[in-house]
Amino acid sequence: MAAALELRNLGVHLQTLDGEVQAVRDVSLSVAEGEIVGLVGESGSGKSVTSLAIMGLLTPGLSRTTGSVLLNGRDLLTLSPTERAAARGREISMIFQEPMTALDPLFRIGDQISETIRAHQKVSRRAAADRAFQILTDVGIPDAASRLKAYPHQLSGGMRQRVMIAMALVCEPSVLIADEPTTALDVTVQAQILRLLHRLSQEHGTAVLLITHDLGVVAETCSRIHTMYAGEIVEQCSVDQALAGPKHPYTSGLIQAIPRSERRRQPLFAIQGRVPALTAMPPGCRFQPRCSHALEECLAPQPEIRTGDRGVRCCRQDELALAGAVPQEQR
């Protein structure tokens with residue numbers, strides 16, 4: 001199946017007080033129609049910068065994007081600012097991490113959704129209002145007519161997130177980027193949002209790139225996973241492959257950090273250290289200062305090693321038996 005969204009060697013360079021730094025390096029991934037693909041990693045791994053680069057929302061003059069961002073075969077990076085703005089919302093949309101800061105507090109929910117519709121479609125105010133009512137109903141908001149008249153602060157966190165999803169989907173884009181859509185929600189509302197994303201993907205054929213640090217969310221929702229660390233994709237494979245037998249120590253560490261009922265009264269696992277600063281990237285493998293399996297050869301640059309549909313950026317990937325979600329004796 002052809003990819004609705006495809007990144008080819010995406011790189012993002014940012015201007016800082018210390019000069020230009022590379023926040024994202026050589027990122028390649030694809031999302032097919034009706035597929036949900038996970039992009040996971042700790043805070044500071046480059047996930048949100050990648051999504052903003054895809055959308056063209058990084059500050060001009062302070063950022064530089066290289067590579068290709070193909071949306072249904074068309075490279076967004078070659079478009080003019082006007083053409084790219086026209087594609088946002090109509091062909092590709094994004095659910096932002098914190099809806100309270102993404103929604104305008106001075107305008108009613110109905111006005112904000114209607115504005116999105118009229119920016120991309122030549123319809124009357126009445127038709128836009130009717131469409132806004134319908135999309136709120138579609139995303140499961142009860143009493144949609146009264147919610148259209150409400151301001152963002154008058155809604156709960158779960159309701160605001162549903163409004164963000166409604167705004168992202170109202171023009172029926174072919175690609176949806178969901179940046180940590182359930183981070184601030186309780187587990188009940190989180191489950192509802194994930195079911196909603198899955199239903200919309202299946203019913204409308206929307207390609208979804210789900211950005212999260214929660215592997216539990218990925219296991220429940222996604223078909224494939226891309227693990228990102230310090231601006232690089234260090235492992236990409238199916239979710240089942242990653243959970244059963246991760247090949248990169250970082251992916252294994254993220255899986256081990258998931259709390260489990262059988263580990264009650266035991267200390268929670270944590271990856272030692274932290275993601276390096278952009279201005280202090282280690283040589284070779286960027287994870288090696290935190291990796292218990294690192295050897296001298298890890299100080300050299302680590303190219304991606306491809307085996308079928310699986311890619312791993314680790315020179316020891318064939319010799320390590322890393323812990324996953326499935327005990328090794330059951331693999």
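Computed from heavy atoms alone, side chains included, the values below leave out hydrogens, waters and symmetry copies.
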T279 versus D18, side-chain donor and acceptor atoms under 3.5 Å: no
Interatomic distance, I95 atom CD1 to I177 atom CD1 [nearest 0.5 angstrom]: 10.0 Å
Heavy-atom side-chain proximity of V175 to L209 below 4.5 angstrom: no
Check: D75 side chain, V69 main-chain N or O, donor-acceptor pair, under 3.5 Å: yes
Basic-acidic side-chain contact under 4.0 Å: R90, E172: no
Between S146 and D143, a side-chain donor and acceptor under 3.5 Å: yes
Spatial distance of atom CZ (R108) from atom CD1 (I113) [nearest 0.5 Å]: 13.5 Å
Polar side-chain atom of S45 near backbone of Y229 as donor-acceptor pair, under 3.5 Å: no
Cluster check L70, I54: I/L/V/M/F/W/Y, side chain < 4.5 angstrom: no
Residues E20 and T16: side-chain donor-acceptor under 3.5 angstrom: no
Student check: side-chain heavy atoms of D26 and R313 closer than 4.5 Å: yes
Linked, directly or transitively: L243 and I271 (ILVMFWY side chains, under 4.5 Å): yes
Greater than 12 external heavy atoms within 6.0 Å of R274's CZ: no
Min side-chain heavy-atom separation L39-T212 under 4.5 Å: no
Sub-4.5 Å side-chain heavy-atom contact between R286 and Q302: no
S174 and N72: CA distance, side-chain angles, deciding distance, side chain to side chain donor-acceptor pair (under 3.5 Å) verdict: CA-CA 8 Å; S174 58; N72 297 315; 2.9 Å; yes
Modelled atom types, side-chain donor and acceptor of H248 and Q317, under 3.5 Å: no
Approximate separation, where rounding is to 0.5 Å, of S223 OG and I36 CD1: 7.5 Å
Residue from E235, M228, E42 passing side chain to side chain contact (heavy atoms under 4.5 Å, CB included) with Y250: E42
In one Ile/Leu/Val/Met/Phe/Trp/Tyr side-chain cluster, 4.5 Å: Y151, V163: no
Residue pair S30 / L5, side-chain heavy-atom distance below 4.5 Å: no
T221 side chain vs V217 backbone, donor-acceptor pair below 3.5 Å: yes
Beyond-backbone contact of R74 with E91, side-chain heavy atoms, under 4.5 angstrom: yes
Full working for side chain to side chain donor-acceptor pair (under 3.5 Å) between T227 and T251: CA-CA 6 Å; T227 307; T251 306; 3.2 Å; yes
Q97 side, atom CD; M164 side, atom CE - distance, nearest 0.5 Å: 11.5 Å
Transitive ILVMFWY side-chain link L322 to I305, under 4.5 Å: no
Validation row: S51, M94 side chains within 4.5 angstrom (heavy atoms): yes
Charged N-O contact under 4.0 Å between R126 and D130: yes
Any donor-acceptor pair under 3.5 Å from Q112 side chain to F107 backbone: yes
Co-membership, hydrophobic cluster, residues L103 and M100, 4.5 Å side-chain: no
Option from R224, E304, Q241, R310 for which side-chain hydrogen bond (donor to acceptor under 3.5 Å, both in side chains) with Q236 holds: E304
Test item: L14 and L62 side chains (from C-beta on) under 4.5 Å apart, heavy atoms: no
Derivation and outcome, side chain to side chain donor-acceptor pair (under 3.5 Å), residues Q15 and R64: CA-CA 8 Å; Q15 290 292 338; R64 180 169 61 89; over 6 Å; no
Check: Q134 side chain, R131 main-chain N or O, donor-acceptor pair, under 3.5 Å: no
Pair S238, D309: side-chain N/O donor-acceptor within cut-off below 3.5 Å: no
